[in-house]
Amino acid sequence: MALNNTYDARLQQETAVGAGVQLLLLALLGTAIGMGPAGWLTGLAFAFATWAVLARALHRSRLRSFGPANRVTFGRATLVGGVTALVADSFESAPPVTLLVALTAVALLLDGVDGQVARRTGTSTALGARFDMEVDAFLILVLSVYVSTQLGPWVLLIGGMRYAFVAAARLAPWLNAPLPPSFARKTVAAVQGMALLLAGAELLPRQANLVVVLLALGSLVWSFGRDVLWLWRTTRTAAPVPTEPQVLELELAAR
């Protein structure tokens, strides 16, 4: 029991350090751009929520080590927290586009690095896979909020589609069934971030950005539609739907 308490204390300490790094990034951003109340409050809320949810998940998972892959993911989460604060602040004042694009680009470039680190170090866990997935999904949601101010609220469909799918799975448990690994699915997911980053950078004319984001949304609808159809056809005659831990294990194996 004492050994478990030692590991738990060490894990909680690491999450606290990560939250401290998030606060340091917010302080640097606040000093650099004079961030307003909306940015500060949103950034602080993100930092606290990330720390609280991850600390609870670590306690429940009984991991003995935070692991190098989770540290990479936590670093990405810190960058996403900075992007979130900047997007919230953009509703009060002109956003520092260069800084926002830089933080987003690094977060997107690091996507996949945590998975590679986990495989090479033999530290893959279901928690790590879920953590990585949630960070990705939230970054896309935040970017869609930002780009929606330029192109219209329909862009929110990109960021909200994954959360809508999760909500639908509560009502239709067959949607929780594991999906087979798909390179096309991973490609479509990566395209969303790149398309939203390109549109947010405003390097192209508005009409070009409109086309880019529409194509990204179209590919996302196709990807989700294909998966939902596959799940519907498969689970009609399949065995009982697996539990959430089983789903996470299969997602981890596909990383």
Side-chain angles (χ1 to χ4, degrees), residues 42 45-46 49-50 53-54 57 73-74 76-77 79-81 83-84 87-88 104 107-112 114-115 126-149 151-200 212-232 234-235 241-255:
T42 305
F46 178 90
T50 301
V53 172
L54 186 57
T73 307
F74 212 152
R76 290 181 53 235
L79 295 175
V80 172
V83 173
T84 301
V87 170
T104 303
L108 290 174
L109 287 172
L110 288 176
D111 186 20
D114 38 17
L127 174 62
R130 184 63 179 269
F131 187 23
D132 178 51
M133 180 174 61
E134 296 300 338
V135 171
D136 291 342
F138 194 78
L139 176 58
I140 297 302
L141 176 63
V142 171
L143 290 177
S144 68
V145 170
Y146 179 66
V147 177
S148 71
T149 63
L151 301 180
W154 61 269
V155 181
L156 295 174
L157 291 171
I158 293 178
M161 198 168 299
R162 188 256 172 180
Y163 295 99
F165 181 85
V166 172
R170 299 276 184 179
L171 303 176
W174 55 271
L175 290 171
N176 285 316
L179 289 161
S182 170
F183 178 76
R185 187 187 308 119
K186 292 180 180 180
T187 301
V188 168
V191 163
Q192 307 310 306
M194 292 186 290
L196 291 171
L197 175 61
L198 180 60
V212 168
V213 179
L214 277 172
L215 289 174
L217 176 59
S219 67
L220 189 62
V221 170
W222 169 80
S223 181
F224 269 97
R226 187 187 66 158
D227 287 344
V228 168
L229 183 60
W230 186 91
L231 289 169
W232 179 74
T234 302
T235 55
V241 174
T243 62
E244 183 175 350
Q246 291 172 320
V247 173
L248 289 177
E249 288 177 6
L250 288 165
E251 288 175 347
L252 176 63
R255 288 179 70 187

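Computed from a prediction, not measured in an experiment: that's the story for all the values here.
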Practice item. Determine whether Tyr146 and Thr84 make a side-chain contact, defined as any pair of heavy atoms from C-beta on separated by less than 4.5 Å. Key: no
Q. Do Leu110 and Leu79 pass the side-chain contact (heavy atoms from CB on, under 4.5 Å) test, and can you show the C-alpha distance, the side-chain angles, and the key distance before you say yes or no?
A. CA-CA 10 Å; Leu110 288 176; Leu79 295 175; 4.3 Å; yes
Taken to the nearest 0.5 Å, the spacing of Asp227 CG from Leu179 CG works out to 4.5 Å
For Gly160 and Leu141 the tightest heavy-atom approach is N-CD1, 4.2 Å
Original post:
Parallel, tilted or perpendicular: which fits the ring planes of Phe74 and Phe131, with parallel below 30° and perpendicular above 60°?
Top reply: perpendicular
In short, Phe165 meets Leu175 closest at the heavy-atom pair CZ-O, 3.7 Å
Between Asp132 and Asp136, does the side-chain contact (heavy atoms from CB on, under 4.5 Å) criterion hold? Intermediate values first, please.
CA-CA 6 Å; Asp132 178 51; Asp136 291 342; 3.8 Å; yes
Heavy atoms of Leu196 and Ser144 approach each other most closely as CD1-N, 3.9 Å
Output for pair (Leu143 CG, Met194 CE), nearest 0.5 Å, gives 12.5 Å
Q. Just by modelled atom types, is the Leu220 backbone N or O under 3.5 Å from a matching donor or acceptor in the Ser223 side chain?
A. no
*asked:* In the structure I gave you, are the side-chain heavy atoms of Phe224 and Val188 within less than 4.5 Å of one another anywhere?
replied: no
Starting from the C-alpha separation in whole Å, work towards a yes-or-no answer on side-chain contact (heavy atoms from CB on, under 4.5 Å) for Val87 and Thr149. CA-CA 10 Å; Val87 170; Thr149 63; over 6 Å; no
Any side-chain heavy-atom pair from Gln192 and Ser219 closer than 4.5 angstrom?
-> yes
Sorted by chain and number, sequence neighbours left out, salt bridge (charged side-chain N to carboxylate O under 4.0 Å, His left out) with Arg226 holds for none
With sequence neighbours left out, the residues meeting side-chain contact (heavy atoms from CB on, under 4.5 Å) with Ala189 are none
Scanning both residues in full, the closest heavy-atom pair of Ala77 with Phe46 reads O-CE2, 3.2 Å
Scanning both residues in full, the closest heavy-atom pair of Val212 with Ala195 reads CG1-CB, 3.7 Å
- Query: Would you say Met161 and Ile140 make side-chain contact, with heavy atoms under 4.5 Å?
  - Reply: no
Rounding to 0.5 Å, atoms OG1 (Thr73) and CD (Glu134) come to a distance of 12.0 Å
Item to complete: Say whether, by atom type as modelled, one donor and one acceptor occur between the side chain of Arg162 and the main chain of Phe138 under 3.5 angstrom.
Response: no
What one should report as the nearest heavy-atom pair of Ala169 and Asn176 is CB-OD1, 3.5 Å
